[in-house]
Student: 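This structure is in structure tokens; I'll ask about it shortly.
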2 protein chains.
Amino acid sequence: MARACQLMQQSLARELAYLDIKPPHLDILVNLFRFEGISQQELARKLLVGRSNMSMLLPQMEKRGLIERRGDKQDKRVLRLYLTEAGRRLTREAMTIQTALIDRMMSDAPIEECELMTTHMERVITLLLKDEREPLETVVDQ
Amino acid sequence: MARACQLMQQSLARELAYLDIKPPHLDILVNLFRFEGISQQELARKLLVGRSNMSMLLPQMEKRGLIERRGDKQDKRVLRLYLTEAGRRLTREAMTIQTALIDRMMSDAPIEECELMTTHMERVITLLLKDEREPLETVVDQ
DNA sequence: ACTTTATTGTTCATAGTTGAACATTATTGG
DNA sequence: CCAATAATGTTCAACTATGAACAATAAAGT
């Protein structure tokens, strides 16, 4: 199953190349599309990556004119993120590609199953995130 | 869903640390466990990684006494891979950890669903591998 | 037999991700 | 008010994975 995800990432990467972006950029764009005004830290948490990663990617996307980073008025530490018009356009194109790929993947799976699976996945995510805080010896006890 | 896989990899990595190995090593061990005598190239294909990757990891595992690499008699290019006794022991422990993790993940999902999902995943994999050979303009035609 | 093409494994330069250390700013406790 | 603690974003060194270039060997075409 991990293999399938790996392959899907590769396929996605290959098709996103037409737009000159990569999966990490898409992740960022999509999240900003829905949660405009989010901070770098919040974005990193949503994507499950380190904030240093954001510090590498975001300035580069800003230079490319896809996003904007404006300092928060109340808290001078945080930078709030916004899509530019160009960024929004690109995001829509990229999401088209992505959904096309997903459709192709799931074409022969009934819809209810997909939804069931995603709810399972979400539960798994919350479960794992909880574990992350407790190093849990329970598995290696004996 | 990609996030769930990512998190599962991280959890697995954290628990495998007790055995001083990482997910890539586990992948190798498990595959050798079932397909002893495989070549480096075949192993790389199964794991969907480049063969250069194998050239990095395998010598290191050989030095650690987990595997053995013996040259094929008929074809002097290939190195065939075998688990040592220590490697087999370690593999069993690691698989225990892995299956425990998976069980915890899927504890609240009915078994038939899991199986359905894996068959879907396998179909997806073969589908994507086929795509890989045809760059397919079909998605970006318009 | 011999040239060409393909395959296997290795090496190396490259790119992506991470965690630790740091500076800056907020928050909390005395 | 001030010290201690925490949070945000940046930088940097380390690690991983990759693809291209390469040497050795095999297979195919002539």
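In what follows, chains are A, B, ... by sequence order, proteins preceding strands, each numbered from 1. Just so you know, these numbers use all the heavy atoms, side chains as well, and skip hydrogens, waters and symmetry mates.
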Student: Near DNA chain C, counting only heavy atoms under 4.0 Å, which residues of residues 72-83 of chain A show up?
Tutor: Gln74(A), Asp75(A), Lys76(A), Arg77(A)
Student: Which residues, if any, of residues 30-42 of chain B bring a heavy atom under 4.0 Å of DNA chain D?
Tutor: none
Student: If we fit an axis to the first five pairs and another to the last five of the helix from dA1(C)-dT30(D) to dG30(C)-dC1(D), what angle do they make, to the nearest 10°?
Tutor: 20°
Student: Need one value for Pro24(B): base, sugar-phosphate or nothing, where a base atom within 4.0 Å counts as base even if backbone is also close, heavy atoms only.
Tutor: sugar-phosphate
Student: When you list every nucleotide of DNA chain D with an atom under 4.0 Å from a heavy atom of chain A, which one comes first 5' to 3', and which comes last?
Tutor: dA6(D) to dT11(D)
Student: Just to be sure I understand the geometry, which residues of residues 44-52 of chain B put a non-hydrogen atom under 4.0 Å away from DNA chain C?
Tutor: Arg51(B), Ser52(B)
Student: Salt bridge (Lys or Arg N to Asp or Glu O under 4.0 Å) with Arg123(B): which residues, sequence neighbours excluded?
Tutor: Asp108(A)
Student: Less than 4.0 Å between a side-chain N and a carboxylate O, is that true for Glu62(A) and Arg64(A)?
Tutor: no
Student: Closer to the 5' end of DNA chain D via nearest nucleotide, is it Gln6(A) or Met56(A)?
Tutor: Met56(A)
Student: Rounded to the nearest 0.5 Å, what separates atom NZ in Lys73(A) from atom CZ in Arg80(A)?
Tutor: 12.0 Å
Student: Please tell me which of Pro59(B) and Lys22(A) maps to the more 5' nucleotide of DNA chain C, matching each residue to the nucleotide holding its nearest heavy atom.
Tutor: Pro59(B)
Student: With hydrophobic residues grouped by side-chain heavy-atom distances under 4.5 Å, do Met61(B) and Tyr82(B) end up in a single group?
Tutor: no
